[in-house]
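Contents: one structure, followed by commentary.
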Amino acid sequence: MKAKSTDDRATKWMRWIARGVGSLVTGFWLFVGIVFGVVDPEPWTLESGSMAGLVISSTLGVLIAWWRDGLGGLILVICAIAHSTFAYFSSGHNTGLAMLISGGPFLLSGILFRASWSRSWKSQSI
């Protein structure tokens with residue numbers, strides 16, 4: 001009986017850490033996007049439109065993950081791969097660092113959401 005409550009506690013911790021990381025990173029990217037949209041008078045380019053689409057997709061992934069861990073986590077993992085791919089092609093140098101900064105936090109959050117979903121799914125089936 002004691003092991004089950006420990007597993008439930010660990011699952012809850014993973015879920016809340018995933019929510020915190022995902023929400024903070026999404027909030028940061030939304031803030032940066034809005035500030036650059038207001039401050040920079042440059043018209044939209046393919047690069048800025050792609051970045052806006054990635055940020056919106058990641059935001060939707062986090063919002064969905066608050067409701068449905070498994071689906072939102074999957075969306076976040078896909079968005080993390082897309083962010084890292086975008087960073088790989090758009091960064092001039094320090095490509096690895098750019099990929100880690102842009103996609104890493106979303107990948108961490110997505111994996112934690114998927115892991116908490118998997119653990120809760122397994123505990124329900126037992």
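No path of Ile, Leu, Val, Met, Phe, Trp and Tyr side chains, each step under 4.5 Å between heavy atoms, connects W117 with I111, placing them in separate hydrophobic clusters. Criterion: ILVMFWY side-chain heavy atoms under 4.5 Å apart, direct or through other members. Under it, L46 and F89 are not part of a common hydrophobic cluster.
Side-chain contacts under 4.5 Å among hydrophobic residues (ILVMFWY), followed directly or transitively, place L71 together with I64, I75. Grouping Ile, Leu, Val, Met, Phe, Trp and Tyr residues whose side-chain heavy atoms lie under 4.5 Å apart, directly or via other members, places M14 in a hydrophobic cluster with W13, W16, I17, V21, V25, F28, W29, L30, V32, F36, M51, L54, V55, V62, W66, L76, F86, F106, L108, L112, F113. In the hydrophobic clustering, L97 connects to I101, either directly or through intervening members, whenever side-chain heavy atoms lie under 4.5 Å apart.
Pairs passing the side-chain hydrogen bond (donor to acceptor under 3.5 Å, both in side chains) check and including a residue from residues 78-95, sequence neighbours excluded, read S58-H83. Sorted by first then second residue, the side-chain hydrogen bond (donor to acceptor under 3.5 Å, both in side chains) pairs that include residues 70-80, not counting sequence neighbours, number zero. Listed by first and then second residue, the salt bridge (charged side-chain N to carboxylate O under 4.0 Å, His left out) pairs that reach into residues 60-73 are R15-D69, sequence neighbours excluded.
The backbone N or O of G20 lies less than 3.5 Å from no partner atom in the side chain of S23, so there is not a single donor-acceptor pair. A donor-acceptor distance shorter than 3.5 angstrom exists from the side chain of T26 to the backbone of G22, with no hydrogens or angles considered.
Contact between S109 and A18 at its shortest, heavy atoms only, is OG-O, 2.9 Å.
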